> 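Dropping the structure in here first, questions after.
Below, chains carry the letters A, B, ... as their sequence lines are ordered, and counting in each starts from 1. Since we're looking at a predicted model, the values are computed, not measured.
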Amino acid sequence: MLLSVEGLNVFYGEAIHALRDVSFGVEEGEIVSIIGANGAGKSTLMWTLVGLLKPKSGRILMRGKPIRPIPHLSVAAGIALVPERRRLFPHLTVRENLILGAYLRKDRKGVEEDAELVYRLFPILKERLSQYAGTLSGGQQQMLAIGRALMSRPKVLLLDEPSLGLAPVLVDQVFKAIQDIASSGTTILLVEQNALEALQIAHRAYVLEVGRIVLEGKGKELLDNPIVRAAYLGVAQHTEILLERTDNKV
Amino acid sequence: MAYLEAILINVAIYAIATLGLAIFTGYTGLFSLGHAAFMAVGAYTASILTYFYKVPFFLALLLGVILSVLVSFVIGYPTLRARLRSDYFAIATLGFGEAVKVILENFDLTQGARGLPGIQKVSTLGNTFLLLVLAVILCRNFLRTTYGRKIIAIGQDPVAAEMIGIPLLQNQLLSLGISAGLAGLAGGLLAHYTTFIQPSIFSMDLSSLITAGVVCGGMGSLTGPITAVALFVIIPELFRGFALWRLVFYGMLLVIIINWRPKGLFGYEELNRKNLPKLFSILGITLGLSLFMPTYRWVIESRGYEIFALFVAGMTVGIVTVVFGFLGKGLSLALSPVAERYHSFRGRFSKGLTGFGKVDADASFSRALRLESEGNDTLSRTHVNDQAPILEVKELRKNFGGVVAVDGLSFQLREGELLGLIGPNGSGKTTVFNLISSVYPVDGGTILFRGNDITEWGPTEVVEAGVARTFQNIRLFGSMTVLENVQAALHREGTYSLLEGFLRWPNSVPKVERRLRDESLYLLSIVGLEKEADRRASTLPYGLQRKLEIARALALRPRLLLLDEPAAGMNPREATELVELIQKIHRDKHLSIILIEHHMDVVMSLCRRILVLNFGRLIAEGTPEQIQKDPLVLQAYLGEKAYAIVR
Amino acid sequence: MFIQTIITGLSIGSVYALMAVGYSLVFSVLNFSNFAHGAIITLGAYIAWALMVHYLQVPFLLALLLSMGGAGALAFLNERIAYSTLRRRRAPSLYLMISAMGVAISLQNILYATIGAKLYALPPVFAMDVVHMGELTISKMDIFAFVFSAFTIAILHLILVRTKVGVAIRAAAHDMEMVSVLGVNLDVLVGVLFFIAGSLGGMAGVFMGVKYMVYPSMGWITNKAYIGAVIGGLGSLPGAIVGGLLLGLLEALVSVSSIGDTSLSTYRDVFSFGILVILLIFKPTGFFGRHVEDKL
């Protein structure tokens with residue numbers, strides 16, 4: 001296991017139990033998706049994995065070695081997060097945003113190589129290097145957020161709702177980029193509300209419901225799971241019928 | 001004896017000033033660094049009046065208080081009006097302190113830095129303590145009125161307070177006014193006790209003392225700060241010779257308390273039986289420590305062994321501490337039968353007469369229900385025209401930076417309708433709620449509510465007009481009880497005046513308060529929370545917090561209720577209960593409701609009409625069945641690629 | 001006469017700006033008013049006094065640098081002891097403000113209790129030296145303070161724009177949490193931040209000490225810096241510079257004016273407070289301030 005999580009329990013304040021005994025693992029080179037409704041605890045899980053939220057109990061391990069829940073140690077261990085709503089630094093230039101992504105790295109040459117990789121993945125960013133990040137369009141901002149996370153050359157890339165607020169064309173582009181990143185060797189843990197897209201590109205997937213993992217399986221298997229269909233695949237029953245047709249065509 | 005009297009008078013005067021800061025900083029969360037200046041205003045006004053114009057003492061005091069209040073409005077209004085961070089207010093009070101000092105130093109009437117000598121000595125142990133007790137009672141009464149609850153709510157969460165229709169500025173000013181008035185009173189008393197005042201008395205050191213009192217005594221308590229400041233006045237008397245280090249100690253205490261025990265002495269509680277042992281332990285430790293040196297010297301003088309002396313002195317400290325600890329526990333135990341008798345007496349008293357103790361829940365529900373049904377009659381009469389739009393949104397537009405969040409959205413909501421608003425995350429649903437409830441200014445378009453153009457109205461006016469909402473990220477008043485959360489929202493129904501509130505006027509306040517309490521319990525019973533009434537809201541589990549938000553919104557007597565993802569984070573059983581709850585309030589309260597929700601089964605089972613939003617635009621509208629077949633909706637939810645395959 | 005006043009104003013304004021920049025820098029990242037900044041400035045002046053007068057006869061420039069280093073270290077310690085716990089716990093900014101007040105009260109009174117309330121002069125480096133330019137007489141110290149402040153602020157600007165730590169500080173001003181998620185050790189970053197703010201404060205303290213005197217409550221002058229920062233827009237560095245300079249200028253102008261027979265110089269502090277109130281009425285976020293909207 002590259003990244004494994006054991007018995008994670010996270011609380012907000014005194015009473016809100018946001019993650020309950022969450023355990024799962026991500027193998028080297030996999031794309032793993034976690035789907036669930038709003039408020040199920042998906043983002044909480046992401047924030048916990050990067051050390052921003054301190055779990056009450058449970059461990060996060062990287063190649064079997066536990067990581068202390070402190071953000072810069074998580075990054076050093078090879079985890080990078082593309083957070084929900086991107087959280088770029090709008091008053092900093094595109095270049096500065098990328099520089100910050102490589103904050104912990106001392107190998108100047110490697111950083112330059114990775115920058116080139118990011119530009120190859122998202123050529124538009126290279127054209128906008130000295131522009132303020134806040135002036136980019138929504139799709140470009142998402143690309144920058146992914147690029148920024150890649151600059152730390154992570155072993156695992158965490159993506160929290162990368163499709164949020166993007167037009168369908170752009171959503172497809174972003175998912176294409178995610179697959180490219182995965183095929184170049186970076187392991188991916190994806191959290192999505194857009195369950196169909198997320199399940200289609202995932203090797204394996206988990207379903208999170210009110211803080212608990214209630215289902216797991218191969219991505220395609222979960223697409224067929226009636227519970228998943230009813231709850232997460234868009235607009236209820238009618239979709240189900242449509243989905244059957246989808247599967248036949250795929 | 002005179003020495004003891006002097007200490008006690010000082011205690012009373014500083015306690016009044018500290019009470020003033022406590023009721024402001026402790027509840028509103030705004031930080032004032034200029035309270036010594038308010039004391040100066042009160043002191044100089046009263047002294048000049050008694051000294052030069054021979055005005056009677058109490059009248060002069062009163063005028064000093066009034067001037068302090070007015071001055072506080074003059075600095076409070078500009079700084080609080082723009083709803084800036086509390087830092088701006090703190091800096092303004094800092095500047096105000098300096099300004100007052102300079103004016104006093106250069107004004108002829110105040111005789112500059114030389115000060116005013118020979119003021120009458122008319123503050124006595126009797127009148128200072130009488131005023132202190134009076135001030136405590138008035139403040140305590142005040143906090144238990146709708147006026148007080150409004151201020152507490154603002155301190156907990158200004159945004160949520162505004163969303164339940166509590167205007168920030170006037171309530172913050174009210175709290176500041178009371179606070180400055182008490183500071184002015186303390187100043188007047190101080191001047192007529194020390195008989196001599198000069199500008200340097202009202203320095204940062206004095207502000208520091210009362211700030212330390214409030215923080216160490218506990219923000220959110222009245223008797224805590226008073227107790228703390230009393231200790232701060234008394235303890236230095238025990239440690240003579242360390243006078244210069246006194247303020248160093250206060251400063252360090254501020255840092256220590258706020259870092260490691262931010263609740264202070266009594267937390268949000270008042271001085272009560274449970275807290276007595278705590279108080280006695282502190283007294284014991286200080287008294288014990290103050291005996292250390294004398295004991296040590298005494299032993300050295302009589303025997304001469306240093307180690308032995310240290311041992312005896314150490315033992316003395318320990319014994320005194322332990323004895324006081326036991327004394328505290330004993331007193332607390334001894335008082336418990338008295339307290340019980342008092343409570344039972346109050347209970348009987350409240351049942352027999354006006355009363356404000358625990359209420360008979362069943363009786364109050366039926367009474368509230370009766371009120372409710374009467375209300376319904378009038379409501380249903382206005383409810384005739386089912387087809388008239390209660391809300392009409394035209395070409396609504398909102399940008400954040402370069403991103404268009406709402407893009408020319410138009411829709412209507414019919415009176416009594418339960419409308420679903422769905423769309424992928426980030427499609428602008430919550431922004432629509434924020435625009436209707438005036439959290440953000442609108443960039444374009446109009447919002448008509450019951451025929452009125454409310455586009456430019458402020459948040460509290462929108463609430464007043466009959467729009468209530470809940471929040472996607474729950475925003476309750478965390479350290480208030482469940483009951484108080486609802487009571488706070490009933491603020492418009494506290495029909496007594498501020499003066500009556502202060503005096504807890506027996507003819508009006510208890511009656512109204514009891515009605516508000518009954519009403520709150522009734523509203524809690526609707527959402528099934530009546531058994532949790534006395535719990536702190538932040539200790540409720542997620543699902544119940546969401547229900548409490550609904551109860552709080554209902555307390556605003558809305559015509560239109562905006563529910564923002566009420567089922568988020570709920571398990572299927574809770575979600576089913578929620579559906580029933582929403583149906584019930586929709587039916588019984590004759591509400592119009594807009595529901596944002598991601599749980600499709602919830603939306604489908606509740607709404608006859610659904611709007612679908614994507615990129616801030618309306619992409620579909622219709623019955624659940626129509627929506628499910630709509631190609632644009634499927635595309636929005638499934639993504640372009642998947643939809644292409646489907647088609 | 002008028003130009004003379006302008007120059008005096010710019011000189012004192014540049015020192016205000018120096019203080020305001022340090023204060024604003026901390027505010028922009030940690031979002032609270034560090035009222036202990038004045039105490040750090042005072043201690044900076046005392047360090048210079050100890051080095052130049054009391055214990056040794058260190059030359060001025062060296063003393064200035066050592067004071068900056070010392071004040072920076074003190075500011076760093078101040079953060080570690082009084083703020084870091086609250087920061088990690090994400091306590092409300094009121095708590096941080098109160099903690100800062102506590103530090104300010106303690107430090108100032110430690111000075112009273114140990115060194116005493118006496119006023120000490122720093123050696124007249126070139127305070128007495130003046131330059132004559134036509135009718136103008138300008139103190140060399142004024143020129144030096146202005147030039148050196150400007151130089152320091154320019155260096156600070158370079159640090160913030162050119163270095164990785166500087167970029168991280170600017171990013172943290174917008175979203176501290178996200179900065180930590182990119183691998184920045186916040187404890188280190190905030191430590192650097194306080195060291196910078198403290199050194200700027202130490203420098204300002206030495207300039208104030210040379211110009212006026214060194215005494216425990218000299219930190220109250222920092223109130224002017226706070227007001228300057230608000231005038232410019234809290235949390236904005238250009239705002240702090242402009243606000244500080246502007247306040248210095250206006251004060252200098254008021255000091256030489258009079259209404260009838262009464263000179264206004266004694267009312268200078270009332271005047272700066274008046275500016276603050278008027279500004280808050282008409283332009284509450286200052287000249288460069290960002291309006292922070294509370295997100296729901």
> When rounded to the nearest 0.5 angstrom, what distance separates NZ in K224(C) from CG in L94(B)?
11.5 Å
> Looking only at heavy atoms, what is the nearest atom pair of G95(B) and I227(C), with distance?
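Here G95(B) and I227(C) meet closest at CA-CD1, 4.5 Å.
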> Where the side chain of D87(B) meets the backbone of S33(C), is there a donor-acceptor pair that is under 3.5 Å apart?
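Yes; at least one donor-acceptor contact below 3.5 Å.
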> To the nearest 0.5 angstrom, please state how far the CG atom of L247(B) sits from the CG atom of L107(C).
12.5 Å
> CD1 of I110(C) to CE of M252(B): how many Å apart, nearest 0.5 Å?
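If we round to the nearest 0.5 Å, I110(C):CD1 and M252(B):CE are 4.5 Å apart.
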> What part of F35(C) is in contact with chain B, defined as an atom under 4.5 angstrom from a non-hydrogen atom: side chain, backbone, both or neither?
side chain
> Mind checking whether T114(C) and W245(B) have side chains closer than 4.5 Å, heavy atoms only?
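Heavy-atom side-chain distance check passes, below 4.5 Å.
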> Side chain from CB out, backbone as N, CA, C, O: work out which of these in S272(C) comes under 4.5 Å of a heavy atom of chain B, or both, or neither.
neither
> For the residue pair T85(C) and W260(B), establish whether any side-chain heavy-atom pair is separated by less than 4.5 Å.
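Side-chain contact under 4.5 Å: yes.
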> With a 4.5 angstrom heavy-atom cut-off, is it the side chain or the backbone of F96(B) that approaches chain C, or both, or neither?
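Both parts, backbone and side chain.
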> Taking side chain as everything from C-beta outward and backbone as N, CA, C, O, which of these in T79(B) sits under 4.5 Å from a heavy atom of chain C? Side chain, backbone, both or neither.
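T79(B) touches chain C through backbone and side-chain heavy atoms alike.
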> Does a side-chain heavy-atom distance below 4.5 Å link Q108(C) with S208(B)?
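No. Closest side-chain heavy atoms not under 4.5 Å.
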> Between T211(B), L33(B), V100(B), L253(B), who has the most heavy-atom pairs with chain C when the cutoff is under 4.5 Å?
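With the most close heavy-atom pairs to chain C, the winner is L33(B).
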> What is the distance from atom CD1 of I258(B) to atom CE of M101(C), rounded to the nearest 0.5 Å?
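One finds 12.5 Å between CD1 of I258(B) and CE of M101(C).
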> Against chain C, label I75(B) side chain, backbone, both or neither, depending on which of its atoms sit under 4.5 Å from a heavy atom there.
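The side chain, not the backbone.
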> Within a 6.0 Å radius of atom OH on Y112(C), are there more than 12 heavy atoms belonging to other residues, nucleotides or ligands?
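Result for OH/Y112(C): enclosed.
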> How far apart are the closest heavy atoms of I98(C) and L254(B), and which atoms are they?
CG2-CD2, 3.8 Å
> State, to 0.1 Å, how close A92(B) and F273(C) come at their nearest heavy-atom pair, and which atoms those are.
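Here A92(B) and F273(C) meet closest at O-CE1, 3.2 Å.
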> When you compare the side chain of L94(C) with that of M219(B), does any pair of heavy atoms fall below 4.5 Å?
yes
> Can you tell me if N259(B) uses its side chain to pair, donor with acceptor, with the backbone of S99(C) under 3.5 Å?
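No: the side chain of N259(B) does not pair with the backbone of S99(C).
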> To check you understand the geometry: which heavy-atom pair defines the closest contact between V270(C) and A99(B), and what is its length?
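What the structure gives for the nearest pair is CG2-O, 3.8 Å.
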> Quick check: do S106(C) and V255(B) have side-chain heavy atoms less than 4.5 Å from each other?
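No, side chains not in contact.
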> Side chain, backbone, both or neither: which part of R268(C) has an atom under 4.5 Å from a heavy atom of chain B?
neither
> Non-hydrogen atoms of chain C under 4.5 Å away: do they reach the side chain of I257(B), the backbone, both or neither?
neither
> Is there side-chain contact between S217(C) and M204(B), with at least one heavy-atom pair below 4.5 Å?
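A side-chain contact is absent here, since even the closest heavy-atom pair is not under 4.5 Å.
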